[in-house]
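Along the sequence shown, the residues carry numbers beginning at 1.
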Amino acid sequence: MAIKLSQLRESKADSKAVREYTRDLSFLLGYEASADTLLSNKRVAQGPFATFEASDMKERVGLVPVLRSGLGLLDGFLNLFPDAPIMHLGIYREKVSHQPVEYYNKLPDHPNVDVCYVLDPVIATGNTAVATINILKEWGLNGSQIKFVAVIGSQQGINQLKEQHPDIQIHIGAVDNVLDNNGYINPGVGDSGDRLWNTKSL
């Protein structure tokens with residue numbers, strides 16, 4: 001994971017490379033985050049030489065990418081959970097106040113999953129992360145059902161997320177200590193959405 005993170009941090013990486021590194025990191029983070037997934041071993045399946053007890057998912061898993069950069073983490077998780085419903089949340093950070101603004105919500109009327117993976121590459125100020133968990137809890141999930149997955153975060157942002165929502169799991173690839181006045185992590189990975197989708201910050 002450390003090598004992939006170093007490659008992602010490098011400014012010379014173009015958008016294609018950034019997408020590939022982010023996808024690889026999402027798979028690694030997904031493997032770690034799903035280690036405690038509950039399994040059922042009741043099904044008997046036929047192997048080449050004999051029958052065996054097959055392992056199947058016991059829980060209904062949902063994926064919540066936070067638009068737009070959260071889409072970069074989606075492919076790795078779909079490799080692990082190919083049948084998981086994808087429920088998009090659109091939240092952007094207002095440039096002056098750094099406060100989150102919700103603009104899109106594709107959650108069903110009622111919770112239809114047992115475990116929810118929130119996908120957002122960066123926890124900077126922590127405001128967007130906190131707002132996302134607020135939305136999921138208002139939807140009807142408990143903190144024990146929510147796992148927040150990020151590639152990188154600031155210590156400040158992670159502390160805020162833990163303070164506001166101590167009952168969720170947080171899985172993160174790296175923590176940087178510096179958060180600048182513009183709400184960016186240093187050294188960080190830059191603007192994740194712009195780097196993933198080859199757009200420039202306005």
key: Atom pair CG (Leu29) and CG (Leu80), whose distance is rounded to the nearest 0.5 Å   = 10.5 Å
request  = Indicate, with yes or no, if Leu141 and Ile170 share a hydrophobic cluster defined by side-chain heavy-atom contacts under 4.5 Å among Ile, Leu, Val, Met, Phe, Trp and Tyr.
outcome  = yes
ask   = Applying the 4.5 Å side-chain criterion to the ILVMFWY set and letting contacts propagate, would Leu196 and Leu71 be lumped into a single cluster?
value = yes
ask   = Within the distance-only criterion (no hydrogens, no angle test), does the side chain of Trp197 pair as donor or acceptor with the backbone N or O of Gly72 below 3.5 angstrom?
value = no
message = Give me the atom names and distance for the closest heavy-atom approach of Pro65 to Leu74.
response = CG-CD1, 4.3 Å
request  = Check Ser154 against Ile185 and note the closest heavy-atom contact, atom names and distance.
outcome  = N-CD1, 3.4 Å
ask   = Run the side-chain contact (heavy atoms from CB on, under 4.5 Å) check on Asp120 and Ser69 step by step: do they pass?
value = CA-CA 6 Å; Asp120 195 355; Ser69 57; 3.4 Å; yes
inquiry  = If I compare all heavy atoms of Leu67 with all of Gly90, which pair ends up nearest, and what's the gap?
reply    = CB-CA, 4.0 Å
inquiry  = Pair Val61, Val113 - check side-chain contact (heavy atoms from CB on, under 4.5 Å), show working.
reply    = CA-CA 6 Å; Val61 170; Val113 296; over 6 Å; no
remark   = Between Ala45 and Ala54 the two heavy atoms that sit nearest each other are CB-CB, 4.1 Å
inquiry  = How close do Tyr103 and Ile91 get, counting heavy atoms only, and between which atoms?
reply    = CE2-N, 3.4 Å
ask   = Less than 4.5 Å apart, any side-chain heavy atom of Thr22 and any of Arg195?
value = no
query = Any chain of hydrophobic side-chain contacts (each under 4.5 Å) joining Ile123 to Leu5?
reply = no
key: pair Gln164-Ile133: side-chain heavy atoms closer than 4.5 Å   = no
key: Co-membership, hydrophobic cluster, residues Leu28 and Leu119, 4.5 Å side-chain   = yes
Asn127 side chain reached by Gln160 side chain, heavy atoms, under 4.5 Å = yes
message = For the NE2 atom of His88 and the CG atom of Leu63, what is their distance to the nearest 0.5 Å?
response = 9.5 Å
ask   = Do Leu73 and Tyr117 have side-chain heavy atoms sitting under 4.5 Å apart?
value = no
inquiry  = Using only atom types and a distance under 3.5 Å, with no angle test, would you say the side chain of Lys4 pairs donor to acceptor with the backbone of Asp24?
reply    = no
inquiry  = Restricting to side-chain hydrogen bond (donor to acceptor under 3.5 Å, both in side chains), what partner residues turn up for Ser34, sequence neighbours left out?
reply    = none
key: Val122 vs Thr128 side-chain heavy atoms within contact, under 4.5 Å   = no
query = Got a second to check how far Ile3's CD1 is from Met1's CE, nearest 0.5 Å?
reply = 12.0 Å
key: Val66 with Val149, same ILVMFWY side-chain cluster at under 4.5 Å   = no
request  = Take Met57 and Asp83 through the test side-chain contact (heavy atoms from CB on, under 4.5 Å) and record every step on the way to the result.
outcome  = CA-CA 11 Å; Met57 295 285 298; Asp83 298 321; over 6 Å; no
ask   = Which pairs, with at least one residue in residues 10-56 and sequence neighbours excluded, count as a ring pair (Phe, Tyr, Trp, His ring centres under 6.0 Å)?
value = none
key: Pair listing, side chain to side chain donor-acceptor pair (under 3.5 Å) test, anchored in residues 167-178, at least two apart   = Arg9-Asp176, Glu32-His171, Asp36-Gln169, Lys137-Asp167, Gln169-His171
query = Are the side chains of Ile168 and Leu161 in touch, meaning some heavy atoms are under 4.5 Å apart?
reply = yes
ask   = Phe148 versus His165: any side-chain heavy-atom pair under 4.5 Å?
value = no
key: Straight-line distance of Asp109 CG to Trp139 CH2, nearest 0.5 Å   = 10.0 Å
ask   = For the atom pair CD1 (Ile172) and CD1 (Ile152), what is the distance rounded to the nearest 0.5 Å?
value = 7.5 Å
query = With Asp75, which residues qualify under side-chain hydrogen bond (donor to acceptor under 3.5 Å, both in side chains), at least two apart?
reply = none
query = What is the minimum heavy-atom distance between Leu136 and Ile146, and which atoms define it?
reply = CB-CD1, 3.9 Å
remark   = Those residues at least two apart in sequence (or on a different chain) that pass salt bridge (charged side-chain N to carboxylate O under 4.0 Å, His left out) with Arg68 are Asp194
query = Is a side-chain donor or acceptor of Asn182 paired with a backbone partner of Tyr184 at a separation under 3.5 angstrom?
reply = no
key: Donor-acceptor contact below 3.5 Å, side chain Asn105 vs main chain Leu107   = yes
request  = With sequence neighbours excluded, give me every salt bridge (Lys or Arg N to Asp or Glu O under 4.0 Å) pair touching residues 47-60.
outcome  = Arg43-Asp56, Arg60-Asp114
task = Show the numbers, then the answer: is there a side-chain hydrogen bond (donor to acceptor under 3.5 Å, both in side chains) between Gln155 and Asn159?
result = CA-CA 6 Å; Gln155 190 63 63; Asn159 289 345; 2.9 Å; yes
Close side-chain approach of Thr37 and Val115, heavy atoms under 4.5 Å = no
